[in-house]
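Reading through the structure tokens given below for one structure.
Only heavy atoms go into these numbers, but all of them, side chains included; no hydrogens, no water, no symmetry mates. First listed ligand is number 1; within each ligand, the first listed atom is number 1.
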Amino acid sequence: MPAPRIAAIHDLSGFGRCSLTIVIPALSAMGVQCCPLPTAYLSTHTGGFEGNTFLDLTDQMAPVTAHWRSLGLTFDAIYTGFMGSREQMALTAEFLLTFRRPGCPAVVDPVMGDHGRPYRTYTPDMCAAMGELAALADVITPNRTEAALLLGEDCESISLKTEADCRRWAEALSLDGRRSVVLTGVSLEPGRVGAACFDRDTGCTDFASAPLAPGQFHGTGDLFSSVLAGALVRERSLIEAAQMAADFTSLCAARTGKQDIPRREGIDFEPLLWRLGKEIMEEDDD
Ligand code: PXL
């Protein structure tokens, strides 16, 4: 079987571990071909470094889309993340409309913020545009802050303390059951963290969780969503994919916590990629 193929629309940040520097290695380790469409090149991500460079690649997005279409390329999924502008979101929406088809779900990580606040480059206007892009998704992977921004609620009103609360918010994000929702950062018992997963195919919300590692590291959300997207194209169900993502993210966070690494340098996942590959290949051999 040829490697399944994902088109990945994210920025490329040279230092700090996020977006494509996580997406490409994670998908490759899972036996998935990643076709990146970089939206911008930054010297570092924007979370914790001052004075980062920003080379806007928006002008490339339509020509790349047109070239890939002229080649008759098909993808097994499209996976999108951090966006630099409203225009990039409109071009990403065009890309989804061009390439999505049955068998090619659009996984939109509506990256906008964390810990109750939008990232410093996200204006209210951009958050509204992310809502429009996410409306085209088959699967979204918001954290609590992003869930609040998508729903137009205060972050404080999104309580994720009980299964019933989580079900309610995951379903509220599903656009009447039209898209699946993987609501991340859910902790229903002390010492564990994971996601509430509303699956539009079953209409059910299930829970994935793994041990909560001490410390919070940049790129954790990108790693989680990358593994989820990879597992989906490797034909795992939504809840199986979320469990694999929770397990691997937890393992990497635990490893990172044991190193003396500043938070802004990101999750130290590379030495564990072989385990992700082994897990998925061995399961498929069974
Ligand atoms: O991890 C999300 C992300 C991706 N890309 C860039 C970012 C961030 C979060 O800060 O700054 C450039």
Does anything in residues 12-28 form a salt bridge (charged side-chain N to carboxylate O under 4.0 Å, His left out)? List the pairs, not counting sequence neighbours.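 Residue pairs with at least one partner in residues 12-28: Arg17-Asp268, Arg17-Glu270.
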Under a 4.0 Å heavy-atom limit, does Thr121 contact ligand 1 with its side chain, its backbone, both, or neither?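 Contact part for Thr121 vs ligand 1: neither.
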Which bit of His218 is near ligand 1, meaning a heavy atom under 4.0 Å away: side chain, backbone, both or neither?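 The side chain, only.
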For Ser159 and Asp165, does a side-chain donor sit closer than 3.5 Å to a side-chain acceptor?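 Yes, a side-chain donor-acceptor pair sits under 3.5 Å.
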Distance only, no hydrogens: is a donor on one side chain within 3.5 Å (strictly under) of an acceptor on the other, for Thr205 and Arg167?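 Not at all, the side chains of Thr205 and Arg167 share no donor-acceptor pair under 3.5 Å.
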Which word best sums up how the rings of Phe95 and Trp68 line up, parallel for under 30°, tilted for 30 to 60°, or perpendicular for over 60°?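 Perpendicular, since the angle between the ring planes exceeds 60°.
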Any idea how Phe99 and Phe75 line up, ring-wise: parallel (<30°), tilted (30 to 60°), or perpendicular (>60°)?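 Ring orientation of Phe99 relative to Phe75: perpendicular.
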List every atom of ligand 1 that sits less than 4.0 Å from any heavy atom of [X], numbering the atoms from 1 in the order shown and giving each element.
{"X": "Asp11", "result": "4 (C), 5 (N), 6 (C), 12 (C)"}
{"X": "Ser19", "result": "4 (C), 5 (N)"}
{"X": "Phe82", "result": "3 (C), 4 (C), 5 (N), 6 (C), 7 (C), 8 (C), 11 (O), 12 (C)"}
{"X": "Leu42", "result": "12 (C)"}

Taking distance alone, with no angle check, do Ser13 and ligand 1 share an N/O pair under 3.5 Å?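 No.
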Is there any N or O on Tyr119 that sits under 3.5 Å from an N or O of ligand 1?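 N/O-N/O distance under 3.5 Å: no.
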For residues 194-217, which residue pairs pass the ring pair (Phe, Tyr, Trp, His ring centres under 6.0 Å) check, not counting sequence neighbours?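 The answer is none; no pair qualifies.
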Using modelled atom types only, decide if a donor and an acceptor are shared between the side chain of Thr145 and the backbone of Gly116 within a distance under 3.5 Å.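 Checking the backbone N and O of Gly116 against the side chain of Thr145, a donor-acceptor pair under 3.5 Å is found.
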Does Gly221 reach ligand 1, in the sense of a heavy atom lying below 4.0 Å from it?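 No, that is not the case, since the closest heavy atom of the residue is not under 4.0 Å from the ligand.
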Nearest protein heavy atom with distance in Å, relative to atom 11 (O) of ligand 1: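 Going by distance alone, atom 11 (O) of ligand 1 is nearest to Thr46 OG1, 2.6 Å.
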Test of ring centre spacing under 6.0 Å for His45 and Phe15: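 Ring centroids of His45 and Phe15 are no less than 6.0 Å from each other.
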For atom 2 (C) of ligand 1, which candidate among Asp222, Thr44, Thr21 provides the closest heavy atom?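 The nearest heavy atom belongs to Asp222.
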